[in-house]
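Not measured: the values here are computed from a predicted model. One-based numbering, in listed order, for ligands and for the atoms of each.
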Amino acid sequence: MKTIDVDVAIIGAGSAGLTARRGALKEGKSVLMIESGPYGTTCARVGCMPSKLLISAAEAAFHAEHSDVFGVRSTVVVDGPAVMERVRKERDRFAGGVVSSVDEIPENEKLRGHARFLSDTSLDVDGTKVQAKAVVIATGSSNWIPKQLQVLSKTLLTSDTIFEIPDLPRSMVVFGSGVIGLELGQAMHRLGVRVVVLDPMEGLGFLKDPEVRESAISILGKEFPLHLNADIQSVEETSDGAHVVWATKDGVVHEETFEKALVATGRRPNLGSLGLENTSVELDDKGIPKFDPRTMQIADLPIFIAGDANNQKALLHEAADEGHIAGSNAALFPNVRAGLRRTELMVVFTDPQIAVVGPGYSGFEAGEWEEGSIDYASQGRARVMAQNRGLVKIYGTRRCGFLAGAEMVGPRVEHTAHLLAWAVQSRMRVQQTLEMPFYHPVVEEGIRTALRDLAKALKMNELPCQGDDLRDGPGT
Ligand SMILES: Cc1cc2nc3c(=O)[nH]c(=O)nc-3n(C[C@H](O)[C@H](O)[C@H](O)COP(=O)(O)OP(=O)(O)OC[C@H]3O[C@@H](n4cnc5c(N)ncnc54)[C@H](O)[C@@H]3O)c2cc1C
Ligand SMILES: NC(=O)c1ccc[n+]([C@@H]2O[C@H](COP(=O)([O-])OP(=O)(O)OC[C@H]3O[C@@H](n4cnc5c(N)ncnc54)[C@H](O)[C@@H]3O)[C@@H](O)[C@H]2O)c1
């Protein structure tokens with residue numbers, strides 16, 4: 001058996017694996033990156049980028065169709081093949097950029113094949129043995145298809161296949177009201193596809209604030225059928241398509257046949273065929289290795305885990321940060337150090353957009369925090385643009401009045417969420433954020449209203465706060 005000796009072996013050439021490689025190289029160590037699938041990363045090939053391309057087409061159709069409110073009349077024709085062609089063309093450009101960067105990696109620093117642990121520091125890659133001083137697991141995640149939906153084949157779409165369809169279907173049932181189901185379901189609806197979204201659970205699990213969640217459900221549910229707490233009674237594939245019978249919360253039974261079925265029921269880390277049983281890695285009750293999120297190290301082993309593989313924050317920027325930390329620490333093993341973890345930030349690209357900043361509503365102990373809010377119904381700029389829908393809640397700590405996080409659904413919150421995340425990470429107090437400039441008329445003025453509301457709830461002038469208390473702010 002051929003053996004390759006290396007300082008750091010990285011399993012997976014996705015977003016986490018590629019930054020892990022850079023992190024390890026910076027420390028002057030030799031690196032081998034192993035990849036079993038196509039190069040180009042999940043994000044660029046079948047994730048972030050093609051989904052946002054489809055959403056942009058849907059936004060164009062929606063705005064053209066809804067211009068009447070401004071007195072502008074138009075007739076809209078959605079050319080399905082042209083929509084999908086642009087998605088693929090631009091997607092190929094993004095993924096091609098990543099592939100070119102991988103092409104530039106010297107041949108002796110990369111290996112094609114499926115990696116499987118033989119011990120903590122050795123791997124089998126399709127018959128080649130890799131002996132490493134440390135290993136980074138950056139194997140990503142895959143779509144999970146529940147048993148009930150495994151009967152689907154010809155009609156089945158997942159995020160891996162939906163961007164390959166040559167034309168838009170006439171109808172599509174979406175299983176799952178998570179981020180993927182909502183983003184792609186709304187986009188397809190806006191492109192003229194008859195869409196129904198079904199979820200047996202409460203749905204929109206990424207929102208924890210009941211009022212913000214309710215606002216998002218109400219807004220999205222007015223635009224397309226969004227059936228949460230649905231009892232999905234039967235799913236079968238017939239010659240006409242996917243035949244689904246379900247009962248809604250009110251007990252009404254529905255029965256429909258759809259040309260396509262998008263299964264967006266969650267993703268699971270790619271750990272199953274890694275041979276972890278041959279290592280000293282201890283798994284939690286979900287089968288995920290226990291690791292330190294500051295160093296990405298698994299126990300005190302020479303094994304590190306980054307990106308979707310660790311099942312924590314399945315987001316691109318987190319995968320990149322985690323990869324970098326894991327790669328440098330693998331190179332420095334056993335002298336690992338804590339890396340920078342940023343304030344949490346998540347944006348869902350529905351319309352209106354949804355965002356979560358910091359630990360969100362569920363991140364605080366009772367009695368430790370206050371909230372301020374704004375309903376976008378009457379917000380000036382939002383009304384000007386006829387996008388006056390949504391609710392923003394901002395949270396602050398009672399102790400010293402630190403800005404702590406937000407949950408929001410509203411116009412252009414991708415931007416306001418960034419401002420708030422930067423302020424949280426900078427450990428700003430609510431009062432300090434109100435001292436910042438606000439232009440007029442902008443949607444950020446809505447955030448100022450919520451911040452004022454929060455300052456009032458915190459009774460800012462009465463808050464005792466020693467200089468030392470700054471050490472205890474969010475982000476420490
Ligand atoms: C439809 C969709 C939309 C998304 N939109 C966004 C968004 O808008 N914003 C955002 O922040 N995030 C988004 N995400 C999430 C984001 O894409 C992921 O969090 C990110 O791509 C994870 O990167 P990764 O490096 O962990 O995994 P990947 O990029 O998947 O890389 C893992 C690699 O490991 C390889 N591999 C697996 N097992 C082995 C093995 N045993 N041996 C060798 N190689 C192996 C795989 O082939 C793969 O190439 C989206 C995801 C999807 C699916
Ligand atoms: N904008 C973004 O940042 C973005 C976009 C897309 C994906 N992502 C990442 O991808 C990850 C995976 O997204 P996802 O939407 O697949 O997963 P998810 O975990 O967010 O949602 C899955 C949903 O499927 C539902 N479900 C489970 N079984 C079902 C069944 N049998 N029938 C119908 N529904 C069922 C669940 O109740 C849940 O609501 C996300 O956690 C996110 O981090 C991020």
Fill in: Nitrogen or oxygen of Glu183 less than 3.5 angstrom from that of ligand 2
yes

Practice prompt. Take atom CE of Met385 as the centre, draw a 6.0 Å sphere, and report whether it contains more than 12 heavy atoms from other residues, nucleotides or ligands.
Written response: yes

Item to complete: Please report which non-hydrogen protein atom sits nearest to atom 13 (C) of ligand 1, along with the residue it belongs to and the distance in Å to one decimal place.
Response: Cys48 SG, 3.4 Å

Item to complete: Using a strict cut-off of 4.0 Å, indicate which atoms of ligand 1 neighbour a heavy atom of Ser51.
Response: 3 (C)

Item to complete: Could you find the nearest protein heavy atom to atom 37 (O) of ligand 2 and give me its residue, atom name and distance?
Response: Asp199 OD1, 2.8 Å

Item to complete: Identify which of Ser273, Ser36, Ala20 has a heavy atom lying nearest to atom 43 (C) of ligand 1.
Response: Ser36

Worksheet item: Heavy-atom distance under 4.5 Å between the side chains of Asn143 and Val263, does that happen here?
Response: no

Worksheet item: Counting from 1, what ligand 1 atoms have a heavy atom of Ala138 closer than 4.0 Å?
Response: 32 (C), 33 (C), 34 (O)

Item to complete: Please state which part of Ala16 comes within less than 4.0 Å of ligand 1, counting heavy atoms only: side chain, backbone, both or neither.
Response: both

Worksheet entry | Short N or O distance, Ser141 and ligand 1, threshold 3.5 Å exclusive | no

Item to complete: Using distance alone, decide if ligand 1 has a nitrogen or oxygen within less than 3.5 Å of any nitrogen or oxygen in His317.
Response: no

Fill in: Element-labelled atoms of ligand 1 that are located less than 4.0 Å from some non-hydrogen atom of Lys52
5 (N), 6 (C), 7 (C), 8 (O)

Practice prompt. Check whether any side-chain heavy atom of Met188 lies under 4.5 Å from a side-chain heavy atom of Leu54, and answer yes or no.
Written response: yes

Practice prompt. Answer whether the closest heavy-atom distance between the side chains of Leu301 and Val281 falls below 4.5 Å.
Written response: yes

Worksheet, complete the sentence: among protein heavy atoms, the one nearest atom 37 (C) of ligand 1 is Thr139 O, 3.2 Å

Discussion item. Checking Arg91 against Glu164 for the salt bridge (Lys or Arg N to Asp or Glu O under 4.0 Å) test, could you report, in this order, the C-alpha distance in whole Å, the side-chain angles of both residues, the deciding distance, and whether it holds?
Written reply: CA-CA 11 Å; Arg91 182 274 311 269; Glu164 301 308 321; 3.1 Å; yes

Response to the item:
Of Gly181, Gly178, Ser141, Ala355, the residue with the heavy atom nearest atom 21 (O) of ligand 2 is Gly178

Worksheet item: Under 3.5 Å, side chain of Asp199 to main-chain N/O of Ser177, donor-acceptor pair present?
Response: yes

Item to complete: Check step by step if salt bridge (Lys or Arg N to Asp or Glu O under 4.0 Å) holds for Arg381 and Glu444.
Response: CA-CA 9 Å; Arg381 182 62 187 275; Glu444 285 74 10; over 6 Å; no

Worksheet entry | Under 3.5 Å donor-acceptor, Thr279 side chain and Gly275 backbone | no

Discussion item. Counting non-hydrogen protein atoms only, what is the nearest one to atom 28 (P) of ligand 1? Give residue, atom name and distance.
Written reply: Thr42 OG1, 3.5 Å

Item to complete: Just jot down the ligand 2 atoms closer than 4.0 angstrom to any heavy atom of Met201, in number order.
Response: 37 (O)

Discussion item. Using modelled atom types and a 3.5 Å cut-off, is there a donor and acceptor pairing between side-chain atoms of Arg170 and backbone atoms of Lys260?
Written reply: no

Discussion item. Looking only at distances, can you tell me whether any N or O atom of Glu35, backbone or side chain, sits closer than 3.5 Å to an N or O atom of ligand 1?
Written reply: yes

Worksheet item: Starting from atom 42 (N) of ligand 1, which protein heavy atom do you reach first, and at what distance in Å?
Response: Ala115 N, 3.0 Å

Discussion item. Just to check, does Arg267 reach to within less than 4.0 Å of ligand 1 when the distance is taken from its heavy atoms?
Written reply: yes

Worksheet item: Backbone, side chain, both or neither: what part of Lys313 comes under 4.0 angstrom of ligand 2, heavy atoms only?
Response: neither

Fill in: Close N or O approach (Leu149, ligand 2; < 3.5 Å)
no

Practice prompt. Identify the protein heavy atom lying closest to atom 40 (C) of ligand 2, giving its residue, its atom name and the separation to 0.1 Å.
Written response: Val179 CG2, 4.2 Å

Worksheet item: Is it true that the side chains of Ser141 and Asp308 contain a donor and an acceptor less than 3.5 Å apart?
Response: yes

Fill in: Closest protein heavy atom to atom 33 (C) of ligand 2, given as residue, atom name and distance to 0.1 Å
Pro200 CD, 3.3 Å

Worksheet, complete the sentence: When distances are taken from atom 40 (C) of ligand 1, the protein heavy atom at minimum range is Ile11 CG2, 3.6 Å

Worksheet entry | Heteroatom proximity flag, Gly176 to ligand 2, N/O under 3.5 Å | yes

Discussion item. Under 3.5 Å between any N/O of Ile180 and any N/O of ligand 2: does that happen in this structure?
Written reply: yes

Item to complete: Classify the contact between Leu198 and ligand 2 as side chain, backbone, both or neither, using a heavy-atom distance cut-off of under 4.0 Å.
Response: backbone

Worksheet item: What protein heavy atom is closest to atom 10 (C) of ligand 1, reported as residue, atom name and distance in Å?
Response: Leu316 N, 3.5 Å

Fill in: Ligand-residue contact atoms, ligand 1 with Gly37, heavy atoms, under 4.0 Å
47 (O)

Practice prompt. Determine whether the side chains of Thr3 and Gln131 contain a donor N or O and an acceptor N or O closer than 3.5 Å.
Written response: no

Worksheet item: Aromatic rings His254 and Trp246: how do their planes relate, parallel, tilted or perpendicular, breaks at 30° and 60°?
Response: parallel

Worksheet entry | Glu282 CD: over 12 foreign heavy atoms closer than 6.0 Å | no

Worksheet entry | Gly307 neighbourhood, listing ligand 1 atoms whose heavy-atom distance to it stays under 4.0 Å | 26 (O)

Worksheet item: Around Lys110, counting heavy atoms of other residues, nucleotides and ligands shown, do more than 12 lie under 6.0 Å from its NZ?
Response: yes

Worksheet item: Which atoms of ligand 1 have any heavy atom of Leu274 under 4.0 Å away?
Response: 41 (N)

Item to complete: Give a yes or no on whether Glu223 atom CD has more than 12 heavy-atom contacts from other residues, nucleotides or ligands under 6.0 Å away.
Response: yes

Worksheet item: Does NZ or CZ of Arg190 come closer than 6.0 Å to the centre of the six-membered ring of Phe224, within 45° of the ring's axis?
Response: no

Worksheet item: Judging by distance only, is a nitrogen or oxygen of Gly266 under 3.5 angstrom from one on ligand 2?
Response: yes

Discussion item. Polar contacts were defined as any N/O atom of the residue lying under 3.5 Å from an N/O atom of the ligand; does this apply to Gly17 and ligand 1?
Written reply: no

Worksheet entry | Atoms in ligand 1 with a heavy atom of Val46 nearer than 4.0 Å | 1 (C)

Item to complete: Indicate yes or no: does an N/O atom of Asn270 lie under 3.5 Å from an N/O atom of ligand 1?
Response: no

Item to complete: Return a yes/no value for Ala314: is any of its N or O atoms, backbone included, closer than 3.5 angstrom to an N or O of ligand 2?
Response: yes

Item to complete: Taking only heavy atoms of Leu315 into account, list the atoms of ligand 2 that are under 4.0 Å away from them.
Response: 3 (O), 43 (O), 44 (C)

Discussion item. I'd like to know whether ligand 1 has Gly113 as a neighbour, heavy-atom separation below 4.0 Å.
Written reply: yes

Item to complete: Would you mind listing which atoms of ligand 2 come within a distance below 4.0 Å of any non-hydrogen atom of Pro146?
Response: 31 (N)

Item to complete: Among all protein heavy atoms, pick the one closest to atom 21 (O) of ligand 1 and tell me residue, atom and distance.
Response: Cys43 N, 3.6 Å

Worksheet item: Does at least one non-hydrogen atom of Gly205 fall below 4.0 angstrom from an atom of ligand 2?
Response: no

Worksheet item: Would you say Glu183 and ligand 1 have an N/O pair spaced under 3.5 Å apart?
Response: no

Worksheet entry | Nearest neighbour in protein (non-hydrogen) for atom 52 (C) of ligand 1 | Gly47 CA, 3.6 Å

Worksheet, complete the sentence: For Phe349, the ligand 2 atoms with a heavy-atom partner under 4.0 Å come out as 1 (N)

Worksheet item: Among protein heavy atoms, which lies nearest atom 2 (C) of ligand 2, and at what distance?
Response: Val347 O, 3.5 Å

Worksheet entry | Phe349 neighbourhood, listing ligand 1 atoms whose heavy-atom distance to it stays under 4.0 Å | 8 (O)

Worksheet item: Quick one: nearest non-hydrogen protein atom to atom 30 (C) of ligand 2, plus distance?
Response: Thr265 CG2, 3.6 Å

